[in-house]
Structures are given as structure tokens and as C-alpha cells.
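In what follows, chains carry the letters A, B, and so on, assigned in the order in which the sequence lines appear, proteins first and then strands, with residues in each chain numbered from 1.
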Amino acid sequence: MKIVLCIKQVPDTADIKWTENNTIQREGLESIINPFDTYGLEAALRLKKENTDVEIVSITMGPPQAENVIRASLSLGVDSGFVISDRKFAGADTIATSTTLAGAIKSKISDVDLIICGQFAIDGDTAQTPAMIAQKLGYSQITYVKEILSVSDNKITVKKEVEDGIEIIESDLPCVLSMIKPDYNLSRPLINGFKYAQEAKVPYYSMEDIGLLPDSVGIKGSPTYVSKAFRPEQKQGGEKIKAESSKDAVKIIMENINV
Amino acid sequence: MSENRGILIYAQLSRNSEVVGVVAELASEAQKLSAKLDNEVISAVLLTDGTNIDNIKENLKNSGFDRVYVIKNEKFKEYSTDVYSKTIINLVSEIKPAIMLFGATTQGRDLAPVVAAALNTGLTADCTKLDINEKGQLAATRPTFGGNLMATILCKNYPQMATVRPKVLQVENIQVKDTEFIEKCVGPDCLNSRTKIVEFIQNIQEAGVTLSDADVIVAGGKGVKNEKGFSQLKELAGLLNGVVGATRGAVDMGLADSSMQVGQTGKTVCPKLYIAVGISGAIQHQVGMCGSKKIIAINSDEKAPIFDIADVGIVGDLNLIIPELITELKNRG
């Protein structure tokens, strides 16, 4: 079975600093693998551990340094990977991004059974790209997947988390899964992984390489555009009270919980 | 100039065939948007198997819809991305709304991107504010970059689509109208589903509400330290008709189930009251709860960032305060 893993390099949004002009200071901002993609990566690796015939291909769209996340995935046990990179991809919204990823998958990877993505990317937070990839490739999709339960030749069964509980969902393959945080721990790199990752060839593909036209990618292929970006109003903290005794604390809380 | 007119809202139903709360919020917001668009028509699309239909219709009427497209089929008994998206894509292609809105629920966020991709139009995710700009376009504002930045997004294709975060928009000044219910048939090509819900395991806390629906959340962080501490939070939440939430740290320590996690890699919540107990308030946690109407924080570290956003901050020992608070609430009955 062939699994495509979509991963994204994102800035560490927990470590944002602001310039004097109220824009985000991009310099020195550390890049990490999107945490939700590590959940997808783990799900794929677990399938590979259980089934010897699993092949995992990791792909990313981004600037050349995004190669780092592909190599990181190789060090954990992913078989191969490539980077989709082109200046023409800049400014892509979720429609243009999904067109690009779907185009790359279609042109460069044959006989795909499963595409695994993170539910969200922590920089954009849209949670839309995986569903749009599914639509563009004509695959079924399951979102908010916590765990893959079983896979057979043409079916997959997963645990999906919804507001009021857990749904066990069965889908035909090929299928796109969007993963959320699982209950199990994530793998550590393999002993031979680093060497494999360093020595592996990681190809780069441009827009032309994957057979797309300028009108369908980047800013041109994006129906949405940002008209304004601004720093959110900072919620101001109220009074901070050092409680003399827990009795005082309880009194203050009681006065404030009449909702 | 586009021929697209009107605002269409997805009338999501719960598992018990009730209209979910965010639909009324969207309808109320749509009245404000419509007022800036020469009072364009506000419609709902309802996919139903017929269960509870009278109450559903009454609810939608009271929410102020001009029109409701009712599409009935037993296949709509349970949600399927395939069946629902194909049905909605057909309706949208027929009625050509200028704007289409979904609640940013797990279902809305599953469904809307498939619809948008099929129609090759833009979808703005998880918005917290909607407006109409001077050119008559939908201006959808959303938090991005881990809550560090707000972006107002416009769309050049139609319909202009958005999912909107539940419990953020107010339901106010509803004009109840003489709602027109229009029955539509579902296309036979819409009814095949490649996915199937084989089992549902309900997981709602004792108050009978979910974390996303709760008016009161008592959340614990690493400062709570042990299971006994969390069982006290559970008791406190019970007395306040609320539910328990947790930080990532507490979940990673095994003190709480991951379904209870609030924050960037967990859930986003907007309760009326959020009591943060032993939570330092890392940005990853704040982004999931800073929309709460009132935040009370209890923490022994007076430098904890949670105090920067708390309405009421108590610097003190939670191990003393929580049991006394429970006793006090019990005494008041």
C-alpha cells in the first residue's frame, strides 16, 4: 500500500516577536514541522510497522529550506520524499495550495491508497487543504482522525473525534485523512535514520514539472486574498489579587461566578 | 457584476435532529450583512431525514430566515461528506448565492472545503467577524498565525464562503419573517457515500454538554499536579453545571483525556465563564480560550501569563482554595 504524507514547515507561532511597526518579526523565527503533521507522520509509521508492504512518500510545498522537514521524516522511517517549490507558488491560499499538492501527487506518485495530512497547520489554521485535496483528486476524506484502527485492500477504519464523542468511520480507498492529536506517544528517530536521511536524494519539482499552469497556482490561482492584517486587540487582564487567605479567595471567586 | 445574490446558511442538525446553536448566530449576523446589501434574501439549506421536522422549521423561522430549502431523504439521517457535499453543491449551483456561511463545527469544517473546492471558490476558515465592505464584498476576519495575527480576507469568486466560529457572534434583534419553505429533491447521483459511521461512542461529561457547548469550563493545568486535583475540578465543574478542560501539559502528564485539551493542538472554546486552575497560560493555551467571556485564574505564581488575560486573577494555593470553594458552593446549595 502506498501512503502519501503531506507535511509543512511552519514558523514556531509560540515564539512570535513584533517589530516596531506592528508586523511580525520573521528574522530569527524558528521553523518546525507542523505539530499536526507529526501526528500524521506517526500514523503512517505505525501502519508501516504493522504491514511490511507499506511505502510512505512524504511531500511538502514551500521554499527550498522546507527540504528539512522531508529529511526529518526520512530519518524517522519514511521511504522517500520530494519538495514542490517554485516562486510562482507564492501567495497561495488553500484552493491554490490544494491544486498544487493534488497536481504533484497525480503527476509524480502512482497508485496512491492513502493520503495523510495534519488537520491544521499552526500558522494558517484553516484546516481546509486536506479536504480540498480530496475533492480535487476525487478521493473520499475523513477529518479529525485520532487514530487509524485497521486497513485492508480497499477499506480503512478510523477513530474520528467529534464534539460529542468518537465516531468509528469506515471508508473506501483511496482516502484522505486529516489527523488530530493521538493518545499515543510519538516515535523517536531511528538509529540508522539520520544517515539514511542525509544520504537520500530529495528531488525538487517546479510548477512545470508537475504540469500546472500559472493561473491555477500561487496568488493567481487563489480566489481569496488578504485585504488587511493586524495585531489583535490584547485582552487586558483585570485585577490580580493576592489572597490573604483562601477564605478571601473563595469570597472573590463567589462574587465573580454568577454567570 | 456577478449575478449571485443572497446569503445562504448551512442549517446543521445535531445527532438528535436539532438545529445547532451556531445557525441562529449566523442568521442574526446575516441580517446585519443583508442590511448592507439592499436587503438581499437570507436562506438556509436544510438536509433532513424528516425527524423532528416541525421543531426544526419553527427554530429556523424564529431565527429570521426568509427562505429555507428543505431537502428530505432518509440518507441524511447521518452525516456523510459525499452525500451532503454533493447535495449542497447542486443547490448552490442552482440558486447562486453571493455568500455562503457554515458554522466552524467539526462537520462544517469537514463539509465547507469540499463544497468550495468543487465550486472553485474561496473559503475563509473559522472567522470571528464578518462585514460587508464599501464594494459590497464579504470581509471575513479570522485569527491566524497561532492567534498572533488577525487577517481580513476577501474573495474574488462566488459564492464568497466562510466558516464561522460558534459562540462568537451574538444573536440579537432578530426580525422573525414569514419564512418560505421550499422543498427540493435530492439528485440520485448525490446519494452514494464512500464513508460510513459504523459506531458512535458518546463522550459527554456529566453536565450533559460538550466542551464546545459548555457555558462554564473549569480547566486544570500542570499546577493541579495529580488525579485527586482533577477529580476536585470535576466536582467543582459539576456544581457550576460546567465541564472540565485541561492544558496540553496536564494531558501529557496523563491527568486528563486528550479530548479535554483546550488550545492550539486541542479545542477552541468560548464559554461564559472559564476558571483556569494551576494554568500558567502559554500562548498555545490562550489561543484556545481567550474568547471566553469571563476568565478567572487561580495560580500560585504571580508572574504567570494567564494573569495578563484573566478578568479576575487570584494569586494563591489552589490546593486550599478549590476544596473551600467546593464546600462554599455546596453550602449555598
Side-chain angles (χ1 to χ4, degrees), chain A residues 13-14 16 24 35-36 93-95 98 122-128 131-132 134-136 140-144 157 161-172 181 183 223-232 235 237-243 246-247 249-250 252-254 256-257 259, chain B residues 15 81-82 105-106 109-110 113-114 117-118 121-126 143-146 148-157 194-204 210 212 240 258-259 264-265 272-273 283-284 290 296 307-316 320-321 324-325 328:
Chain A
T13 55
I16 301 286
I24 287 175
F36 285 89
D93 72 355
T94 52
I95 286 279
S98 58
I122 60 165
D123 54 348
D125 255 342
T126 68
Q128 291 175 178
M132 289 175 169
Q135 169 65 25
K136 284 174 191 287
S140 70
Q141 69 145 344
I142 313 174
T143 50
Y144 297 90
T157 310
E161 187 174 284
V162 288
E163 285 91 344
D164 57 348
I166 296 282
E167 290 175 347
I168 308 296
I169 304 215
E170 193 180 273
S171 173
D172 294 351
K181 192 180 175 193
D183 283 326
T224 62
Y225 55 100
V226 178
S227 76
K228 194 169 68 167
F230 54 99
R231 203 171 168 174
K235 190 173 163 37
E239 48 180 348
K240 182 158 67 177
I241 303 150
K242 267 192 197 164
S246 46
K247 201 169 195 171
V250 169
I252 297 158
I253 297 166
M254 288 300 289
N256 279 286
I257 55 178
V259 284
Chain B
R15 219 173 286 274
T81 311
D82 284 342
T105 56
T106 54
R109 297 187 82 171
D110 183 279
V114 176
T121 190
L123 172 64
T124 305
D126 205 23
T144 183
F145 237 74
N148 288 287
L149 198 64
M150 300 298 289
T152 301
I153 297 183
L154 305 176
C155 177
K156 54 191 183 196
N157 296 3
R194 291 168 294 181
T195 59
K196 187 169 77 184
I197 303 174
V198 288
E199 197 186 339
F200 170 62
I201 306 146
Q202 197 172 49
N203 174 22
I204 49 180
T210 64
S212 4
L240 295 167
S258 63
S259 66
Q264 188 164 63
T265 52
K272 289 185 181 142
L273 174 65
I283 177 78
Q284 293 98 324
C290 62
I296 301 179
F307 289 126
D308 298 341
I309 60 160
D311 299 287
V312 180
I314 310 273
V315 183
L320 299 173
I321 296 170
E324 272 194 49
L325 184 57
E328 180 69 21

**Prompt:** For A/D125 and B/T144, does a side-chain donor sit closer than 3.5 Å to a side-chain acceptor?
**Reply:** no
**Asked** Going from CG on A/D123 to CG on B/N148, what distance comes out if it is rounded to the nearest 0.5 angstrom?
**Response** 11.0 Å
**Request:** Select one option (side chain, backbone, both, neither) describing which atoms of B/I201 are under 4.5 Å from chain A's heavy atoms.
**Result:** both
**Asked** Which distance, rounded to the nearest 0.5 Å, do you find between the CG of B/L240 and the CD1 of A/I257?
**Response** 5.0 Å
**Modelled atom types, side-chain donor and acceptor of A/S246 and B/E324, under 3.5 Å** = yes
**Complete:** Interface check, chain B: of A/D164, A/I169, A/I253, most non-hydrogen pairs under 4.5 Å belong to A/D164
**Asked** Could you give the distance from CZ (B/R109) to CD (A/Q128), rounded to the nearest 0.5 Å?
**Response** 7.0 Å
**Prompt:** Within a reach of under 6.0 Å around NZ of B/K156, are more than 12 heavy atoms found that belong to other residues, nucleotides or ligands?
**Reply:** yes
**Request:** State the OG-CD1 distance between A/S171 and B/I197, to the nearest 0.5 angstrom.
**Result:** 12.0 Å
**Request:** Please check if any side-chain donor atom of B/T195 sits under 3.5 Å from a side-chain acceptor atom of A/E170, or the reverse.
**Result:** no
**Donor-acceptor under 3.5 Å (A/Q141 side chain, B/D110 main chain)** = yes
**Message:** Counting only non-hydrogen atoms closer than 4.5 Å, does A/I241 touch chain B with its backbone (N, CA, C, O), its side chain (CB onward), both, or neither?
**Reply:** both
**Request:** Against chain B, label A/Y225 side chain, backbone, both or neither, depending on which of its atoms sit under 4.5 Å from a heavy atom there.
**Result:** both
**Prompt:** Between OG1 of B/T121 and CD1 of A/I95, what distance do you get to the nearest 0.5 Å?
**Reply:** 7.5 Å
**Asked** Looking at B/E328 and A/K247, does any basic side-chain N land under 4.0 Å from a carboxylate oxygen?
**Response** no
**Contact origin within B/I296 toward chain A - heavy atom pairs under 4.5 Å** = side chain
**Asked** Non-hydrogen atoms of chain B under 4.5 Å away: do they reach the side chain of A/I122, the backbone, both or neither?
**Response** both
**Prompt:** Got a donor-acceptor contact below 3.5 angstrom from the A/E163 side chain to the B/T106 backbone?
**Reply:** yes
**Message:** Can you tell me how far apart CD1 (B/I283) and OG1 (A/T13) are? Round to the nearest 0.5 Å.
**Reply:** 8.0 Å
